[in-house]
Novice: 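Can you read through this structure? Questions will come right after.
Labels below follow one simple rule: chain letters A, B, ... track the order of the sequence lines, proteins then strands, and each chain is numbered from 1. Because the structure is predicted, anything quoted here is derived from the model rather than measured.
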2 protein chains.
Amino acid sequence: MIERSIPLSDEDINLISSVVIVKRVQKKELLLRAGEVCRFKIFINHGFLRTYRLDDDGNEHILQFSNEQSWTTEGESYANILPSAYYIDALEDSELLMWTKDSFDQLLDTIPALRSFSEQLIFNNLHASRNRLYKAISSSPEEKYEDFVKTYRGILQRVPLRMIASYLGVSLKTLTRIRQAQLQK
Amino acid sequence: MIERSIPLSDEDINLISSVVIVKRVQKKELLLRAGEVCRFKIFINHGFLRTYRLDDDGNEHILQFSNEQSWTTEGESYANILPSAYYIDALEDSELLMWTKDSFDQLLDTIPALRSFSEQLIFNNLHASRNRLYKAISSSPEEKYEDFVKTYRGILQRVPLRMIASYLGVSLKTLTRIRQAQLQK
DNA sequence: GTAAAATAAGGACAAATGTCCTCTTTTGTG
DNA sequence: CACAAAAGAGGACATTTGTCCTTATTTTAC
């Protein structure tokens, strides 16, 4: 599964597998709490995760949805071994492959292909993040929603609408209004 | 100047300097146009740059202000040698140190300290970008403005207010209203 | 299987925000 | 120095968006 995206030798795969931690989590289970240090890199074998943050009033703001067959972690906490500002939890029952920072760093040193793959991921992340920021500051709620539907059609059916609203930074009300307006057409 | 932030030997510095391109640009001069490939990594010796993008209606949206003694480039275009979606121009007369991707990649291969410094920059960028996204989707215009003032007090005096508005993703009108309201206090 | 919780639509209203305009001041240019 | 351009404040108004409700439906949990 991971192999699909990286060109790795059998030997490399064995190495990587030798330090993996397989974890099954239930829907709603928390993987990371704000204040804790994020100790793992996570690959989602199947299932669905989300990264969110609480503001001063206790409102959730979703930064990221993480599909199966993708990677996630709270990078700032993970890299600097600092308390995380974000939560990560499961939106569906999930099966995860996890590596501690220590073992993953060692893998990076041993397997050049993994390192360059990993760097590529960082870049993709950075560019996606910048693009999303652009949309956040330049688009109307309607454009944001349409863009979301276009980009993540699959997710729309998997999560409650209020989470889409949270992800887009608009109220549930505006989102239902937009959807109603689009039904009229 | 660059040296200050990286532990480099004299030899390394010579290497890095040997392939640098020093460029002086005037206020308003464009360094990168949308559609062009961003061919350089840029270190701003002194001066002030900005990265922005035009939407379909021709409105500017500022993604980044770049201070003196900091780095900038349009990463997505630079890394993948693709047409940029963004513009970069000078908000003040500036002196820039620039490296082509070819020569910079070579430096990265030769100087491990530069590579790790460079990776650190990427991470900082990623985390800053994510943080800004969080504020973009979670804060009111007033909170955004206050946060901006707190974080970039210096910039406030250097750029027109409408650019701050553009950076924050709000209209100039809301920004002047917020500022008026704060004067009342 | 049933009660409780979550979801989301919709109404009513208030508040926030944007657009368009004018006017004054400041800045930049020749 | 003089003229043009840019900046930004402010008014008037319309639109958008949010908050607080209620209600119907679906999902979850015991």
Novice: Taking atom C1' of C:dT27 as reference, at what distance in whole Å does atom CZ of B:Arg162 sit?
Specialist: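 Atom-to-atom, B:Arg162 to C:dT27, this comes out as 13 Å.
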Novice: Is B:Glu92 salt-bridged to B:Arg24, cutoff N-O under 4.0 Å?
Specialist: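 No, B:Glu92 and B:Arg24 are not salt-bridged.
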Novice: At what distance, to the nearest 0.5 angstrom, does NZ of A:Lys27 lie from CZ of A:Phe48?
Specialist: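 Going from NZ on A:Lys27 over to CZ on A:Phe48, the span is 11.0 Å.
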Novice: Counting only side-chain nitrogens and oxygens, does B:Gln180 get under 4.0 Å of the OP1 or OP2 atom of D:dA9?
Specialist: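 Checking D:dA9 against B:Gln180, no side-chain N or O comes under 4.0 Å of OP1 or OP2.
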Novice: Side chain of B:Ser171 only, heavy atoms from C-beta on: which candidate in D:dA7, D:dA9, C:dG18 is closest?
Specialist: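 The answer is C:dG18.
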Novice: Check this for me: does the side-chain of B:Arg177 come within 3.5 Å of the base of C:dG18 through a donor and an acceptor?
Specialist: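 Between C:dG18 and B:Arg177, which were checked side chain against base, a qualifying N/O pair under 3.5 Å is present.
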Novice: What are the two closest non-hydrogen atoms of A:Asn67 and A:Ile44, and how far apart are they?
Specialist: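 Looking at all heavy atoms of both residues, the closest pair is O-CD1, 3.4 Å.
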Novice: Should the pair B:Tyr52 and B:Tyr87 be assigned to parallel (<30°), tilted (30 to 60°) or perpendicular (>60°) ring geometry?
Specialist: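 Plane angle under 30°, so parallel.
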Novice: Ignoring the backbone of A:Leu161, work out which of D:dG18, C:dA9, D:dT17 is nearest its side chain.
Specialist: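 Nucleotide nearest to A:Leu161's side chain: C:dA9.
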Novice: Between D:dA7 atom C1' and B:Lys27 atom NZ, what is the distance in whole Å?
Specialist: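 Taking NZ of B:Lys27 and C1' of D:dA7, I get 11 Å after rounding.
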Novice: To the nearest Å, how far apart are B:Leu91 CG and C:dG28 P?
Specialist: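 Going from B:Leu91 (CG) to C:dG28 (P), I get 13 Å.
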Novice: Taking the six-membered ring of B:Phe65 as reference, does the cationic atom of B:Arg50 (NZ for Lys, CZ for Arg) lie under 6.0 Å from its centre and within 45° of its axis?
Specialist: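 Cation-pi check for B:Arg50 and B:Phe65: fails.
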Novice: May I have the distance from A:Gln26 (atom CD) to D:dT28 (atom P), rounded to whole angstrom?
Specialist: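 Those two atoms, CD and P, are 13 Å apart.
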Novice: B:Leu168 CG to C:dT17 C1': how many Å, rounded?
Specialist: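 To the nearest whole Å, that distance equals 14 Å.
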Novice: Quick one: is C:dT17 close enough that its OP1 or OP2 comes under 4.0 Å of any side-chain N or O from B:Thr174?
Specialist: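 Result: no.
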Novice: Let me spell it out: for each of A:Lys28 and B:Gly169, pick the nucleotide of DNA chain C with the closest heavy atom. Which residue's pick is nearer the 5' end?
Specialist: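 This one resolves to A:Lys28.
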Novice: Any side-chain N or O of B:Lys173 under 4.0 Å from OP1/OP2 of C:dC20?
Specialist: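 No, B:Lys173 has no side-chain N/O under 4.0 Å of OP1/OP2 on C:dC20.
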Novice: Check the distance between D:dA6's P and B:Glu60's CD and give it to me in whole angstrom.
Specialist: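 So the CD-P distance, B:Glu60 to D:dA6, works out to 12 Å.
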Novice: Provide, to the nearest angstrom, the distance between the CD atom belonging to B:Glu143 and the C1' atom belonging to C:dT17.
Specialist: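 Checked: the CD to C1' distance equals 16 Å.
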Novice: How many Å lie between CG on A:Leu172 and P on D:dG18, as a whole number?
Specialist: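 Taking CG of A:Leu172 and P of D:dG18, I get 10 Å after rounding.
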